[in-house]
Amino acid sequence: MSQRDAKQLYWRANIRIVAACLVVWFVVSFGFGILLSGPLDQIALFGVNLGFWFAQQGSILTFICVIFFYAWRMNRLDREHDVDED
Amino acid sequence: MELKLLTYLVVGASFVVYIGIAIWSKAKDTGDFYVAGKHVHPVANGMATAADWMSAASFISMAGLISFLGYDGSVYLMGWTGGYVLLALLLAPYLRKFGKFTVPEFIGERYDSRLARIVAVICLVFISFTYVAGQMRGVGIVFSRFLEVPIGVGLVIGMGIVFVYAVLGGMKGVTYTQIAQYCVLIFAYTVPAVFIALQITGTPIPQIAFGSTVQGDSLYLLQKLDEVVTALGFPAYTSGTKSTIDVFCITAALMIGTAGLPHVIVRFFTVPKVRDARYSAGWALLFIGLLYLTAPAVGSMARLNLTETIQIGEVGDPQGNLAYEDRPSWFRTWEATGLLQFQDYNDDGRIQYYNDQNPVFSQRAIGYGWRGNELRVDPDIMVLANPEIARLPQWVIALVAAGGIAAALSTAAGLLLVISAAVSHDLLKGVFAPGISERTELMAGRISAAFAILVAGLLGYYPPAFVAQVVAFAFGLAAASLFPAIFLGIFSKRINKQGAIAGMLVGLVFTYGYIEFYKGLFLQWLGAPWGEDIATSWLFGISPEGIGTIGMSLNLIAAIVVSRLTPAPSAEVEALVDRIRYPRIAE
């Protein structure tokens, strides 16, 4: 495999990880918290309507998890493709 | 001990800590001054970013805002946290790999264009000054409320403190003071929240209290709140009044704007490695989340508490409203500041607090003998009065004052620093006097920081019209100008300088024009605002706060189209993009 192909492989894998994380980011906030908040509000857990909960708590909690997952996965990808800094 | 003395002691002690840190972490070279020498630990940088990010508005006003907006307040919660996902995934690691000092510097080199760099500096200066003027105002207000000094005196004290550690320590000094400031502000925020949660639901953790039953009642907190507020004609707490498209666009504009704010981006230049930049964004959001997950709980509990304090019995029953004579002591305290105002329109000696803008309910209210809403509540009170409502000791009140000041100072310092770096590094060293020595540049950085503090202080004392529009203006511009230029510069090799400059100008002009048209910023002398700032007259029903989303889309379209029509960037630029995409190029 040429160096050029290897580099492209890394970049494509990077884009896939970013895209997957952004899908989660979009679904919990714009999806559950805004566009689908009406129907989700019909479901209430512990007295909190689900759409409202995603808008005020769930989305933030998910954002934190998404960034830590991304950092962990990307740092592994760097090592797999031998482009990490050490 | 007397409260005022205690507050002076606590706030004074926090200042001693900040100045001590500044002396210990004096900047020795431009690397220290602009990016803290790039050896800030990722967790420490996360904490500093959180303090940098959370302003006086986040600390004092946000919970109160949510308290009165209910679901609609979610735009701030999601908008001001979701931006970190974009920042972590799309910008921070690459800009760290780029490895220089400022955002305009990246734009200038990536697009191989001094003009692009200058456009970026102009955007940066506008965004940061708008933002910092609001912060300085916040510093003045916190001082005057808690320490009972005039706003001007408060401003001068705040400017003096920031002057010491920003001018002396640069980014290094600011970073380590911000860490201390984060600890002060998060402690000051959560202690009252825990006790309010205990008082209202019997659960000490505010986030869990959000889904708990109210003490002495079988109803859950939010159900009870919906019931209590709708009974007085207010919209239900858990459903909003804004249109879905507007909520969508405001949230998006705040998220993208957050990711495009230079003072936040530059924090990720200070960590040692690319992988640290990735984790550091996670830590930053975790630390921010501690406050942002507490705020909605505080907001809902404070709203319930306020409403039930006033409406003690059945709605409509003459005995159902609190007699003015019986008002609690925190009510008296905050009445004195003008944040709570009571006017007895129907002269019954009792307080009626209801939604007199609701036509159906106000008809019914007339039947009860009510003559209009008698209570005016400033949203800020929801955080400020919490310690007294929860009957906490006086040192907690003093702590809240120190927390509010910490929040305002840390954000102001971060903003002033990016302004000074843009002047000394991008304009002076980058454009006008490339030959100056390191020492001269460091001196220039210090002088421009000092000058920026003076301007910010003046803007805080004589707030111009645009300061009130911080949210629409700073975030809209950051979203519509800087974010797309940086994002495309990393993820597309085809975008060239013509495209980037066209994009930034289109985004900037459209977003600025829209906000000017409906809000009135700099052209009030020409009759602005020209449009009526209501939903039916907005473009597609999108408010000026959310228009940055459209501005950003126009920027992207313009940048891509213009780039297609003009020659591809040079091989050197392509090599630069490759260099920032790979943490290390494999041999």
Parallel, tilted or perpendicular: which one describes the rings of [X] and [Y], with boundaries at 30° and 60°?
X         : Y         : result
Tyr94(B)  : Trp11(A)  : perpendicular
Trp283(B) : Phe68(A)  : perpendicular
Phe46(A)  : Tyr220(B) : perpendicular

Is it the side chain or the backbone of [X] that comes within 4.5 Å of chain A heavy atoms, both, or neither?
X         : answer
Leu90(B)  : side chain
Leu221(B) : neither
Phe210(B) : both
Ala277(B) : neither

Engaged part of Asn75(A) at the chain B interface, taking heavy atoms whose separation is under 4.5 Å: both
NZ/NE/NH1/NH2 to OD/OE distance under 4.0 Å, Arg584(B) and Asp78(A): no
Step-by-step ring-ring contact (aromatic ring centres under 6.0 Å, His included) determination, Tyr582(B) to Tyr10(A): CA-CA 9 Å; Tyr582(B) 305 93; Tyr10(A) 168 80; 5.3 Å; yes
Is any side-chain heavy atom of [X] less than 4.5 Å from a side-chain heavy atom of [Y]?
X         : Y        : result
Phe248(B) : Ser29(A) : no
Met255(B) : Phe30(A) : yes
Ile34(A)  : Met78(B) : yes

Selection from Ile67(A), Ile15(A), Ile17(A), Asn49(A) maximising heavy-atom pairs under 4.5 Å formed with chain B: Ile67(A)
